[in-house]
Chemist: 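Below is one structure. I have some questions about it.
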Amino acid sequence: MEPLDLVRRLCAALEAEGVIYCHWKSNDALDRAARGDTDLDLLVRREDAETFAGILHRLAFKEALAPRSQSAPGVLDYYGFDEPSGKLVHVHAHTQLVAGDDRTKNYRIPLEDALLASAVPNGPLRVPSPELEYIVFVIRMVLKHFTWDCFLHGMSRLTPAERREWESLKARVDPSEVRKAVQNHAPFLGAALVHR
């Protein structure tokens, strides 16, 4: 199936106005996100946040506020209606990468600039290099599943969707490029997990 009309118009407007962004995670299911079956997880350069919000407003997206206990810094939710399909499009917009347990999301991964700089077109959306997506995926999963709380509550295993994403990323990356990316970003990764 083709991407939704609303997703195409959103991507075209972002390109036309020079907004720096990428679909930063779960790109193994990018086609599903473009069809409105899953969220669009968009990382947007902080300096472009106002322009980005203006584009969403012009396309009749509405901002939805999460309950305070579930909100994360630098993350906003927008919903738009794609008339031809009758589907809602959920844009999960990030100006910073936050990760952790599903309930807390209390760590920042300071690799936003690197992901955005590596982004290339993939269909109507832009995606980061698979190596950087891989590194961020590993950090996200460690923070989400490998804490004492997760072990004690039996939540330390990857979900089926996370396992599929892991397998897809492993198949797309060059291990030597992953090593290079880790070395290039070691100063950020060393201090990376900034507790919120």
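Quick note: residue numbers are just sequence positions, from 1. All values derive from a computational prediction rather than experimental measurement.
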Chemist: Consider only side-chain heavy atoms of I, L, V, M, F, W and Y, link residues closer than 4.5 Å, and tell whether Val75 and Tyr79 are in one cluster.
Modeler: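 In one cluster with Val75: Tyr79, no.
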Chemist: Over all heavy atoms of both residues, which pair between Leu169 and Pro130 is shortest? Give the atoms and the distance, please.
Modeler: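 Shortest heavy-atom separation between Leu169 and Pro130 comes out as CD2-O, 3.9 Å.
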Chemist: Which atoms form the tightest heavy-atom contact between Leu6 and Gly80, and what is the distance?
Modeler: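 For Leu6 versus Gly80, the nearest heavy atoms are CD2-C, 3.7 Å.
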Chemist: Quick one: does Glu112's side chain have a donor or acceptor within less than 3.5 Å of a partner on Leu97's backbone?
Modeler: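 Side chain of Glu112 to backbone of Leu97, a donor-acceptor pair under 3.5 Å: yes, one is there.
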Chemist: Grab the two heavy atoms, one from Glu131 and one from Val173, that are nearest each other, plus how far apart they are.
Modeler: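 In this case the closest contact between Glu131 and Val173 is OE2-CA, 3.7 Å.
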Chemist: Within a 6.0 Å radius of atom CD on Glu83, are there more than 12 heavy atoms belonging to other residues, nucleotides or ligands?
Modeler: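 Open.
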Chemist: State whether the side chain of Thr159 and the backbone N or O of Glu162 hold a donor-acceptor pair below 3.5 Å, judged by distance alone.
Modeler: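 Yes: the side chain of Thr159 pairs with the backbone of Glu162.
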Chemist: So which heavy atom on Leu125 is nearest to which on Ala34, and how close?
Modeler: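 Heavy atoms of Leu125 and Ala34 come nearest at CD1-CB, 4.4 Å.
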Chemist: Enter the distance from Leu40:CG to Ser26:OG here, rounded to the nearest 0.5 Å.
Modeler: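 If I round to the nearest 0.5 Å, the distance is 11.0 Å.
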Chemist: Hey, are the side chains of Cys11 and Glu15 touching, using non-hydrogen atoms and a 4.5 Å cut-off?
Modeler: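 When only atoms from C-beta onward are counted, Glu15 and Cys11 do not touch, as no gap falls below 4.5 Å.
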Chemist: To the nearest 0.5 Å, how far apart are CD in Glu50 and CD1 in Ile55?
Modeler: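 CD1 of Ile55 is found 11.5 Å from CD of Glu50.
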Chemist: Go through it in stages, so that I can follow the logic: the residues are Phe52 and Leu76, the test is side chain to side chain contact (heavy atoms under 4.5 Å, CB included), and I'd like the CA-CA distance, side-chain angles, deciding distance and then a yes or no.
Modeler: CA-CA 11 Å; Phe52 177 78; Leu76 296 172; over 6 Å; no
Chemist: So, applying side-chain hydrogen bond (donor to acceptor under 3.5 Å, both in side chains) with His90, which one of Asp77, Thr38, Asp41 is it?
Modeler: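 Single pass found, and it is Asp77.
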Chemist: Aromatic rings Trp166 and Phe137: how do their planes relate, parallel, tilted or perpendicular, breaks at 30° and 60°?
Modeler: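 Geometry flag for Phe137 against Trp166: parallel rings.
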Chemist: What are the two closest non-hydrogen atoms of Thr95 and Arg46, and how far apart are they?
Modeler: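 Distance-wise, the nearest heavy atoms are O-NH2, 4.0 Å.
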Chemist: Please, which pairs that meet ring-ring contact (aromatic ring centres under 6.0 Å, His included) have at least one residue in residues 6-47, sequence neighbours excluded?
Modeler: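 Checked against ring-ring contact (aromatic ring centres under 6.0 Å, His included) - neighbours excluded - the pairs reaching residues 6-47 are Trp24-His94.
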Chemist: What are the two closest non-hydrogen atoms of Leu115 and Pro128, and how far apart are they?
Modeler: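 Heavy atoms of Leu115 and Pro128 come nearest at O-CB, 3.7 Å.
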Chemist: Apply salt bridge (Lys or Arg N to Asp or Glu O under 4.0 Å) to residues Arg8 and Glu2 and explain how you reach the verdict.
Modeler: CA-CA 10 Å; Arg8 283 183 194 276; Glu2 293 291 313; 2.5 Å; yes
Chemist: What distance separates Lys62 NZ from Leu59 CG, expressed to the nearest 0.5 Å?
Modeler: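 Interatomic distance, Lys62 NZ to Leu59 CG, rounded to 0.5 Å: 11.5 Å.
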Chemist: Scan residues 170-179 for pairs that pass salt bridge (Lys or Arg N to Asp or Glu O under 4.0 Å), counting only residues two or more places apart or in two chains.
Modeler: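 Applying salt bridge (Lys or Arg N to Asp or Glu O under 4.0 Å) to every pair that reaches into residues 170-179, excluding sequence neighbours, yields Glu133-Arg172, Glu167-Lys170, Glu177-Lys180.
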Chemist: Take Asn122 and Asn27, measure what side chain to side chain contact (heavy atoms under 4.5 Å, CB included) needs, and give me the verdict at the end.
Modeler: CA-CA 10 Å; Asn122 185 338; Asn27 288 319; over 6 Å; no
Chemist: Out of curiosity, Leu4 CG to Phe81 CZ, how far, rounded to the nearest 0.5 Å?
Modeler: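 CZ of Phe81 is found 10.5 Å from CG of Leu4.
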Chemist: First locate atom CD1 of Ile135, then atom CD1 of Ile109, and finally report the distance between them rounded to the nearest 0.5 Å.
Modeler: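 Rounded to the nearest 0.5 Å, the CD1-CD1 separation comes to 11.0 Å.
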Chemist: Answer with yes or no whether the hydrophobic clustering places Leu88 together with Phe61; edges join I, L, V, M, F, W, Y residues whose side-chain heavy atoms lie under 4.5 Å apart.
Modeler: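 No; Phe61 is not reachable from Leu88 via cluster members.
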Chemist: Mind checking the CD-CG spacing from Gln96 to Leu111? Nearest 0.5 Å is all I need.
Modeler: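 Rounded to the nearest 0.5 Å, the CD-CG separation comes out at 12.5 Å.
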Chemist: Run the side chain to side chain contact (heavy atoms under 4.5 Å, CB included) test on Val7 and Val89 for me, step by step, so that the C-alpha distance in whole Å, both residues' side-chain angles and the decisive distance to 0.1 Å come before the verdict.
Modeler: CA-CA 8 Å; Val7 173; Val89 175; 4.1 Å; yes
Chemist: Look only at the side chain of Arg140 and the backbone of Ala99, and say whether a donor-acceptor pair between them is shorter than 3.5 Å.
Modeler: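 Flag not set: sc Arg140 to bb Ala99 has no pair under 3.5 Å.
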